[in-house]
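I have placed the structure first, in the form of structure tokens, so that the comments after it can refer back to it.
Chain letters run A, B, ... following the sequence lines, proteins first, then strands; residues in each count from 1. Keep in mind that what you see is a predicted model, and the values were worked out from it rather than measured.
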Amino acid sequence: MSYLYMKGINKSFPGVRALKAVDFKAEKGEVHAIAGENGAGKSTLIKILSGAYQPDEGQIYLDEKEIKISTPHSGRIQGISVIYQELSLVPYLTIAENIFLGNMPSKLGAVRRNEMNKRAKKALEDIGFDLNPSSLVKDLSIVQQQAVEIAKVLVEDAKIVVMDEPTALLPAREVETLFRVINTLRDRGVTVLYISHRLNEIFEMADQVTVLKDGSKVGTVRPADITQDELVQMMIGRKPADRIYWSPERVEKLKDAPVVLEVEGLMGEENLKGVSLALRQGEILGVAGLVGSGKSELVQCIFGVQQATGGKIKIRGEGLKHPSPGTLIRNKLGFLPADRKHLGLVLGMTIKRNATLTALPKLSKCGVVNQKKEDGVVSELIEKLRIKCYSLNQQVETLSGGNQQKVVMAKWLLPECEVLMFDEPTRGIDVGARSEIYELMVDYVNQGGAIINVSSDTQELLAVSDRIIVMGQGKMTGIFSRQEATEDKIVRAMF
Amino acid sequence: MLKFSKKGFDRRNFWADYQVWVIFSALIICYSIISPEFFTSTNINNILTQNAMLVVVSLAQLLAVVTGGIDLSVAAILALSGVMVAKFVTAGVPVGLATLGAIGIGALAGCINGFLVSKLKFAPFIATLATLVMVKGMTFIQSGGHVIYVTNETFAFLGRGNLLGIPVIVWVMILVTVLVWFVMGRTIVGRRLYAVGGNPEAARLAGINVQRYLFFAYVCSGALCGLAGAFMAFRLGAGSPTIGQEWELDSIAAVVVGGASLMGGIGTPINAMFGAFIIGFIRNILNLMGVAAYPQMIVKGLIIILSVVSQGLGSGLIGFKIKKPGGEKEITSKERQE
Ligand SMILES: Nc1ncnc2c1ncn2[C@@H]1O[C@H](COP(=O)(O)OP(=O)(O)OP(=O)(O)O)[C@@H](O)[C@H]1O
Ligand SMILES: [Mg+2]
């Protein structure tokens, strides 16, 4: 029997069968990727493994023995640890305290700090990080925080480590660091389960990949034995639309298009030190940069999510006095935030109400919402974006991650903004839907819109952008027209 | 491949949304067993009139609760506006104008709440507690602690008269319920109030002026309490400084039994109305059974606990676990992570 064997797993939620008799097997010391469309059941499967959900039917065997995992805590004790995408570290504790949270080495009730620090340092070194164990977690970058989480898992002697889209917000160079750590885990005989929508990562890292579709297992294959296209075929049942979204003619046309948004010397509180840019009508401007480079802060400051501390914002040549989300939306500017849970969605509301929240005036007369019209436009978008749901009136909280992201997208396609700023728009979105979103973007600018697209995915930037700026340490460190941009140049400008 | 319905409801919340109707029907059955005269039109009229203003106050409470707040000052505002309407009418002000005055006083008190909550960022609990105390003080100053009796025909008609065979006060309840239902369910304002309560930061990023909507909610809540106060005075034929005791708690109980979440963003006016009737019914049934006032309070408390627990079981919102037939446990939302 395989090292880990999840047998005949069934799981239903009201209105949907999320998993249908799934058999999942993974061996000791392998990196096993789980792939599939949005809503295929990947997160549900690993939540069952980690004890966050209980299966309706099925058994789990680890090392030939059947195990029962009633809570995430009991999962951890039995050697199954999850590294969540939203990291769960305590910001104002030290690295060592976080690593040993829950089981600090102690003597007569007093924490043995020296020993703790020593062991924490060792655990971090094992995965190739040289960090001071007594510095605070809040000062670490995202990859470093992930490293701390992984060190924590090592200290707990995990047999299986689960990562649900760990790289969704990481640019290439940082992904490499994470991969190094994963390799160390593998060498130590830990089984790593890895969910990602980035296929090249699967091909680079995984020993095996299991594909789920609509809650059923399609199969388990070795990435070495198949091509990317074949994998996509397994995932979505058709060939991916291979399209170039960018065209030289469009860039040519942009030259005399009017400037719609102008930013001068914008400064922010955290890490934004004077950035200027101009966006033309019909343009897609890509923004690249590492985590903490100020690329997110740039769009957040433009939209007034955070207060800018200096600089000017002009829309169609007119200066804005007090940029706040309200005034910007009235000026036909929209912003899709990366943090969909806290900033993008009202999780307890329905798909419909979330989607139309920004477009209500358009859908109403004298303040009364025209529900027929509302149902109509939302249904249209659900189909266009392929949001997997059973009803317009389903709570967004019960959608899969990628489908939630599509609702945020829908929310900003509805109000007919003239400028849209996206922060990681395709975060957690599957390959098939990704190309549809790119097409939507291109349609949108062809009809006279303009887009600023902040993304950690260089491929995406190269696929759709007309121009790419690179941010580093709060400043603009590079600006490339699409003709001259290459992956290599962009990555080099980030550092 | 894509199948979804336009008409469908959210099945996950089915029980939370409809339990109030189940409890309501159960109580009616209890009631009609205990008291065979239950289904007589006099009795039904009585029940409706007795609880009509509790419904209005519960709707006022709902407005605050939906935004993620709470309004402890509802009953105090009710008493003040009742006293004021009696004073106005005794002083010769026409009843209609006096009623408008009462609504205005309620709205003014609501402005204080709204200002404290939206501009000064007070916790709603503290803000409305402060208002409660101030308004209570004002009520006693204005009434001197006495009941102010009024002899006036219009006054009496509005309080006890019928229109098309239905008590005027019940008409008021129906109108207010329909109005609040319409505003909350059908208008932009309602949509935005729910969003503000559900996730204020996301609401702000959707361009909603969160402060303004919070303020609006408390002002409307106050105004509704003012209206309810006036009609309570009509019904009594007097302005009493001690009317509506415990209604702040009853109204909170009503919206909670009606499925609203004190975390904000969830709760409908129709369910809050049923919730208010449930609270009223319990009082009536216990009265019929000869249970004294204090044990009644204990029963009321138990009903609140039960309804919250059962909603939690239905939607996984509280830290309870359901035992499934197979002996396996269902998961709670606290452990649910993306
Ligand atoms: N708590 C829940 N209540 C109801 N339905 C749920 C719940 N969690 C997940 N689902 C449904 O189960 C299905 C599978 O969801 P899951 O989160 O496993 O997808 P996924 O493969 O992780 O997708 P993604 O790539 O978008 O993250 C979806 O249709 C989703 O709507
Ligand atoms: Mg997922």
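For the set A/Gly326, A/Gly334, A/Gly367, A/Ser50, the entry with the most heavy-atom pairs within less than 4.5 Å of chain B is A/Gly367. Counting heavy-atom pairs closer than 4.5 Å to chain A, the top-ranked of the candidates B/Ala195, B/Gly198, B/Gly197 is B/Ala195.
One distance of note links CE of A/Met349 with OH of B/Tyr194; it measures 10.5 Å at 0.5 Å rounding. The CG atom of B/Leu205 lies 12.5 Å from the NE2 atom of A/His342; values are rounded to the nearest 0.5 Å.
Pairs passing the salt bridge (Lys or Arg N to Asp or Glu O under 4.0 Å) check and including a residue from residues 404-417 of chain A, sequence neighbours excluded, read A/Lys362-A/Glu416.
Interface residues of residues 217-228 of chain B toward chain A, defined by a heavy-atom distance below 4.5 Å: none.
Residues A/Val305 and B/Arg204 come closest through the heavy atom pair O-NH2, 2.9 Å. Residue B/Ala206 comes nearest to A/Leu357 through the heavy atom pair CB-CD2, 4.0 Å, listed as atom of the first residue, atom of the second, then distance.
Residues B/Asn199 and A/Leu347 fail the side-chain proximity criterion, which asks for heavy atoms closer than 4.5 Å.
The side-chain contact (heavy atoms from CB on, under 4.5 Å) check on A/Phe13 picks up A/Lys11, A/Val16, A/Ala18, A/Thr44, A/Tyr53, with sequence neighbours excluded. For the side-chain contact (heavy atoms from CB on, under 4.5 Å) test, residues two or more places apart in sequence or in another chain that qualify with B/Thr187 are A/Val368, B/Phe182, B/Val183, B/Val189.
Interface residue A/Thr356: only side-chain heavy atoms are found under 4.5 Å from chain B. Using a 4.5 Å cut-off between heavy atoms, A/Gln300 does not touch chain B at all. Proximity to chain B (any heavy atom under 4.5 Å) is shown, for A/Pro415, by neither the backbone nor the side chain. Contact of A/Leu345 with chain B is made through the backbone alone, with heavy-atom distances under 4.5 Å.
Around the CZ atom of B/Phe24, the shell of radius 6.0 Å holds more than 12 heavy atoms that belong to other residues, nucleotides or ligands.
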